[in-house]
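Structure record follows, encoded as structure tokens.
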Amino acid sequence: MSWSSPPAVGIDLGTTYSVIARLDERGTPVSLANAEGDLLTPSAVLFDGSEVVVGKEALKALAVEAECVAVFAKRDMGQRHYGKPLQGQWYPPEVIQAFVLKKLADDASRATSPFSHAVITVPAYFDEVRRKATQDAGYMAGLEVLDIINEPTAAAVAFGLQQGFLSTEGTAHRPLNLVVYDLGGGTFDVTVMRIEGGEFRTLATDGDVELGGKDWDQRLLDFAAAEFARRWGSDPRHDPNANARLWQECEEAKRTLSTRRRAAIQVLHAGQALRVEVTREQFEEQTRDLLARTEFTARQALREAGLDWGAVDRVLLVGGSTRMPMVADMLRRLCGRQPDAGISPDEAVAHGAALHAGLLLARLHGRPPRFSIRNVNSHSLGVVGTEASTQRRRTAVLIPKNTPLPVTARRVFKTQQPGQRSLAIPIVEGESRDPEACVPLGTCVISNLPPDLPARTEVEVMFRYRADGRLQVQVRIPATDIQLMQELQRENSLTQVQLDAWRLRIAGT
Ligand code: AMP
């Protein structure tokens with residue numbers, strides 16, 4: 001088998017931009033251009049009557065037909081609906097992401113040989129529900145999802161290749177402690193890793209799925225809109241098209257401020273115009289708290305990894321938002337060294353995903369792996385029960401956050417009544433003892449318990465987090481050694497019937 005047949009494909013399904021890459025004949029990752037000739041495809045979807053348009057044209061349409069365009073759907077993953085109705089219809093966020101994946105795959109198939117298998121990346125901090133939604137998006141796009149891997153891990157693998165860790169000589173390298181600081185368009189992750197020989201081991205991960213470049217844009221937007229309102233008495237934020245146009249202006253200005261000390265924002269609304277100037281110092285002041293949130297999270301992740309900044313060998317910058325000089329300034333202050341900017345912050349994640357796809361395909365074809373990955377879970381897994389002393393609903397943690405994966409936890413439940421035929425166990429992810437403050441994963445329903453069981457019969461439930469952070473549940477009755485079928489009734493996921501219907505519909509677009 002060569003590295004190129006079948007192609008090993010990796011997809012970075014981003015909040016603002018997505019990238020697809022494959023391994024070339026020598027096993028080196030290369031990004032694939034879309035039909036417009038760009039390596040970065042905006043994760044924007046325009047619903048224009050029966051036509052669905054993805055990418056640059058959809059993003060352009062945002063300024064004139066904001067009500068028909070979906071952007072930042074990744075932020076809503078794991079919710080029942082994407083945040084706004086499109087042409088009067090509510091779409092699940094994973095469906096919108098599926099349209100993005102379909103375009104990436106279709107365009108890439110034209111540029112390379114056709115393929116159906118791919119690895120898709122997710123923020124390390126994505127919970128189980130969001131991970132499943134991402135896999136479902138791949139399925140609906142007509143793909144066979146080989147695996148989902150964490151974006152920082154993928155970036156570290158790409159970095160490892162560049163640094164020679166994936167060659168056989170690489171195993172002789174001295175171990176490296178690496179902090180991956182990943183600030184994208186809508187999500188923030190910080191992951192502490194150790195690269196040793198060919199092994200990429202995650203020590204700890206933390207993050208915020210609602211923090212990213214978009215929040216920096218919003219601060220500029222609020223500033224410019226307030227200036228406009230002061231001058232002309234009306235607020236462009238109240239008109240969806242003017243707001244969308246202004247957001248694009250502010251995003252541009254933000255990029256300018258990464259290389260220049262000042263930028264201008266043109267505000268157009270209700271037949272009036274205003275040019276608002278902003279300096280880099282003003283911008284940094286307006287967003288100081290956002291940056292501080294990332295610093296706090298980075299410190300926390302290091303603490304959980306049992307390291308201090310002195311033990312960190314390299315800091316890797318990933319995600320387009322790390323181009324803001326304030327990010328490198330902060331990290332330099334924290335760890336006393338310049339962060340690594342050697343890998344492309346836009347492409348590294350897709351490249352690492354392609355390398356991982358290559359690893360999985362090689363394994364299928366009996367070739368020796370070039371590297372291995374050890375992951376941790378990013379959220380504690382728990383079951384909800386009633387505390388005997390207070391009679392309050394409480395979460396009992398079964399697998400604490402940052403446990404190396406795969407891992408299995410066992411817990412014994414007891415039937416309450418004689419002859420009881422079913423048990424329902426609510427499962428949550430999160431760090432709080434209060435179930436309301438956790439993310440509901442669903443209910444594990446154990447039906448068809450054998451008849452005539454006495455009250456207080458033990459039912460053993462095994463919760464297994466796989467290496468990809470997805471959950472599997474198995475049930476056994478120790479007294480009878482019966483293995484039972486169980487069903488995870490999910491709260492915010494599409495059913496298989498819905499997934500199949502969408503897969504068919506998306507294939508036809
Ligand atoms: P990603 O999700 O990694 O593609 O990152 C996209 C985010 O990076 C968006 O919020 C962009 O506005 C932001 N971004 C890209 N280039 C720059 C730049 N030169 N300066 C500041 N932010 C940028």
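Numbering of ligands and ligand atoms starts at 1, following listing order. Position 1 is the first residue of the sequence; numbering continues from there.
For the 3.5 Å distance criterion, the side chains of Ser18 and Ser43 qualify, holding a donor opposite an acceptor. No hydrogens or angles considered: nothing links the side chains of Asn377 and Asn402 as a donor-acceptor pair under 3.5 Å. At a cut-off of 3.5 Å, with distance as the only test, a side-chain donor of Glu431 or Ser380 sits close to an acceptor on the other residue.
Ligand 1 places these atoms under 4.0 Å from at least one heavy atom of Met324: 21 (C). Listed by number with element, the atoms of ligand 1 under 4.0 Å from a non-hydrogen atom of Tyr17 are 4 (O). Each of the atoms 3 (O) of ligand 1 lies under 4.0 Å from some heavy atom of Gly319. Distances below 4.0 Å separate heavy atoms of Gly213 from the following atoms of ligand 1: 10 (O).
Checked against Val192 for a side chain to side chain contact (heavy atoms under 4.5 Å, CB included), the options Leu178, Asn177, Leu203 give a single hit: Leu203. For the pairing with Pro29, the side chain to side chain contact (heavy atoms under 4.5 Å, CB included) check across Leu355, Val9, Val157, Asp24 returns one residue only, Leu355.
Contacts of Ser321 with ligand 1, taken as heavy-atom pairs under 4.0 Å, involve both backbone and side chain. Under 4.0 angstrom from ligand 1, the non-hydrogen atoms of Arg255 come from both its backbone and its side chain.
Look at Gly14 and you'll find every heavy atom at least 4.0 Å from all atoms of ligand 1.
What sits closest to atom 12 (O) of ligand 1 on the protein, heavy atoms only, is Glu251 OE2, 2.4 Å. Nearest protein heavy-atom neighbour of atom 22 (N) of ligand 1: Lys254 CE, 3.5 Å. Protein heavy atom at the shortest distance from atom 20 (N) of ligand 1 is Ser258 OG, 2.6 Å. Protein heavy atom in closest approach to atom 2 (O) of ligand 1: Gly185 N, 3.0 Å. The shortest contact between atom 19 (N) of ligand 1 and any protein heavy atom is with Arg323 CD, 3.5 Å. Scanning all protein heavy atoms for the shortest distance to atom 3 (O) of ligand 1 gives Gly320 N, 3.0 Å. The single protein non-hydrogen atom nearest to atom 6 (C) of ligand 1 is Thr16 OG1, 3.0 Å, given as residue, atom name and distance.
With rounding to the nearest 0.5 angstrom, the CD1 atom of Ile11 is 13.0 Å from the CZ atom of Arg22.
The N/O atoms of Thr15, backbone and side chain alike, include none that comes under 3.5 Å of an N/O atom in ligand 1.
Shown here are the ring pair (Phe, Tyr, Trp, His ring centres under 6.0 Å) partners of Trp90, two or more places apart in sequence or in another chain: His81.
In this pair, His356 and Phe371 present their aromatic rings tilted. The plane angle is within the 30 to 60° band. Note on ring orientation: taking the six-membered ring where Trp is involved, the planes of Tyr91 and Phe99 are perpendicular (angle over 60°, cut-offs 30° and 60°).
Geometrically, Arg503 engages Tyr139 in a cation-pi contact defined by less than 6.0 Å to the ring centre and at most 45° from the axis.
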